Amino acid sequence: ERIGVLGIPFSKGQSRVGTEYGPEVLRNGGIVRKLQNLGCHVKDHGDVEVIHVENDDPEENAKNPRTVGQTSKLIADKVEQVLRSDDICVTLGGDHSMAIGCIAGNARVEPDLVVLWIDAHADINTPMTSDSGNIHGMPLSFLVHELESYVPKLPGFEWLSPCIHAKDIAYIGLRDVDAGERKIIEKFGITAFSMQEVDKYGINEVVERALRAVDPEGKRPIHLSFDVDAMDPTLTPSTGTPVIGGLSLRETYYIAEEVARTGRLSMVDVAEVNPLLGDDKDKKLTVDMTISVIQRFFGNRRGG
Ligand SMILES: N[C@@]1(C(=O)O)CN(C[C@@H]2CCCCN2)C[C@@H]1CCC[B-](O)(O)O
Ligand SMILES: [Mn+2]
Ligand SMILES: [Mn+2]
Ligand SMILES: [Mn+2]
């Protein structure tokens, strides 16, 4: 396939400096060359322009709304452009608020997409249910039709309309879900496999059930949003909200290999790499583990 790589040097969806350097360290880790070595045609489209709005006061408890909203629009426009020329888009983040623009942009090209959200967290707080006010904990709430009446139109988000349904989402890796998110997941019947289900059924059964739940006929394009904190912090320590008891390397490889096998992968977001957290060993480990996972979406199979 033709892969378009897009950097999203963004950090204003949360409060820690550092995720803006995610694209740089992933590129320096050789992600483009390693995908090319798999025989893929890879074009690096550079970085999305990040908007910085002065005096971007919180609105409805959401922090940096104008900066996040306006940057998300640029992300959506750029992602749409990439997907019009390449088959698959790989976005290098950046905090997980990037997914607002990534999914919105992808949905313009693939309106029938389904979303696999690989994450320790549900990232579906509304501005009202969020304890932190960090928009990286809210991206899905801006995108889901069923939540439209619960989410205020924030300044900077005027351009955005919901583009997915609750039934189009499946979570894998959850282990730190807020009360408000739990209520949303239950109320709208969102498919969710926490680490408990991974232990109960095994990753193979979880992946099979997740794909069947969102796409029983096996026809729909897949948007896979990968938060590196889905993996155990011993593997990806350099991330802003680590949670112990995460996915193993082999479990994460398995998810990537099975999604690759569908042949319907449309987009992969790589979110929440923060090279300023931890020591140099942690940073190198995080980058190397993340890249080794991404390689498995594109044909690097353990069986050769
Ligand atoms: N739900 C959260 C939010 O801030 O909304 C709260 N949580 C941190 C909090 C620490 C204390 C115990 C409960 N959890 C982080 C998460 C967002 C993660 C965003 B991601 O993109 O990294 O997944
Ligand atoms: Mn997370
Ligand atoms: Mn719709
Ligand atoms: Mn996340």
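Being a predicted model, the structure only gives us computed values, none of them experimental. Every number for a ligand or one of its atoms is a count from 1 in the order of the listing. This chain uses plain numbering: 1 for the first residue, then up along the sequence.
- For atom 18 (C) of ligand 1, the choice among M138, H121, E272, E181 with the nearest heavy atom turns out to be H121.
- When non-hydrogen atoms are compared, ligand 1 lies under 4.0 Å from neither the backbone nor the side chain of V177.
- Within the 4.0 Å heavy-atom criterion, the part of N125 lying near ligand 1 is the side chain and not the backbone.
- Using modelled atom types and a 3.5 Å distance limit, the side chains of T91 and D269 yield a donor-acceptor pair.
- Residue-level check: among N/O/S atoms of D123, OD2 sits closest to the Mn ion (ligand 4).
- Ion pairing of E158 with K153 is absent here, as no side-chain N (NZ or NE/NH1/NH2) approaches a carboxylate O to less than 4.0 Å.
- At a threshold of 4.0 Å, the pair E257-R261 does not count as salt-bridged, since none of the basic side-chain nitrogens sits closer than that to a carboxylate oxygen.
- Residue-level proximity to ligand 1 for H136 is carried by backbone and side chain together, each with a heavy atom below 4.0 angstrom.
- The protein does not reach atom 11 (C) of ligand 1 closely, with no heavy atom under 4.0 angstrom from it.
- With 3.5 Å as the limit, one finds no donor-acceptor pair spanning the side chains of Y150 and T129.
- At a threshold of 4.5 Å between non-hydrogen side-chain atoms, the residues D86 and I3 do not count as touching.
- Proximity to H96 (heavy-atom distance under 4.0 Å) selects the following atoms of ligand 1: 21 (O).
- If you number the atoms of ligand 1 from 1 as listed, the ones under 4.0 Å from a heavy atom of D119 come out as 23 (O).
- Contact check on K283 versus D279 returns no salt bridge, with no Lys/Arg side-chain nitrogen under 4.0 Å from an Asp/Glu carboxylate oxygen.
- Remark: at the Mn ion (ligand 2), atom OD2 from D229 and atom ND1 from H121 enclose 100°, rounded to the nearest 10 degrees.
- Ranking protein heavy atoms by distance to atom 1 (N) of ligand 1, first place goes to D178 OD2, 2.7 Å.
- Closest to atom 9 (C) of ligand 1 among all protein heavy atoms lies D176 OD2, 4.0 Å.
- Taking a cutoff of 4.0 Å between a charged side-chain nitrogen and a carboxylate oxygen, D215 and R220 do not qualify as a salt bridge.
- Between the ND1 atom of H96 and the OD2 atom of D227, the angle taken at the Mn ion (ligand 4) works out to 100° after rounding to 10°.
- In this structure, a donor-acceptor pair under 3.5 Å is present between the side chains of T241 and D229.
- Shown in contact with D229 at under 4.0 Å from a heavy atom are these atoms of ligand 1, numbered in order with element: 22 (O), 23 (O).
- Annotation: atom 20 (B) of ligand 1 to nearest protein heavy atom, D227 OD2, 3.2 Å.
- Looking at T239 against ligand 1, nothing comes within 4.0 Å, counting heavy atoms.
- In this pair, W117 and H96 present their aromatic rings parallel. The plane angle is below 30°, not in the 30 to 60° band.
- Using a cutoff of 4.0 Å between basic side-chain nitrogens and carboxylate oxygens, D77 and R108 are scored as salt-bridged.
- Salt-bridge formation is not detected for the pair D57/R66: no Lys NZ or Arg NE/NH1/NH2 atom is positioned less than 4.0 Å from an Asp or Glu carboxylate oxygen.
- The atom of D119 that is an N, O or S and sits closest to the Mn ion (ligand 4) is OD2.
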Applying ring pair (Phe, Tyr, Trp, His ring centres under 6.0 Å) to Y171 and F193, what does each step give before you reach the verdict? CA-CA 6 Å; Y171 289 113; F193 293 99; over 10 Å; no
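- For atom 23 (O) of ligand 1, the closest heavy atom belonging to the protein is D123 OD1, 2.7 Å.
- Residue contacts with ligand 1: N134 is placed with no nitrogen or oxygen under 3.5 Å of a nitrogen or oxygen of the ligand (distance criterion only).
- Of the protein's non-hydrogen atoms, the one nearest atom 4 (O) of ligand 1 is S132 OG, 2.7 Å.
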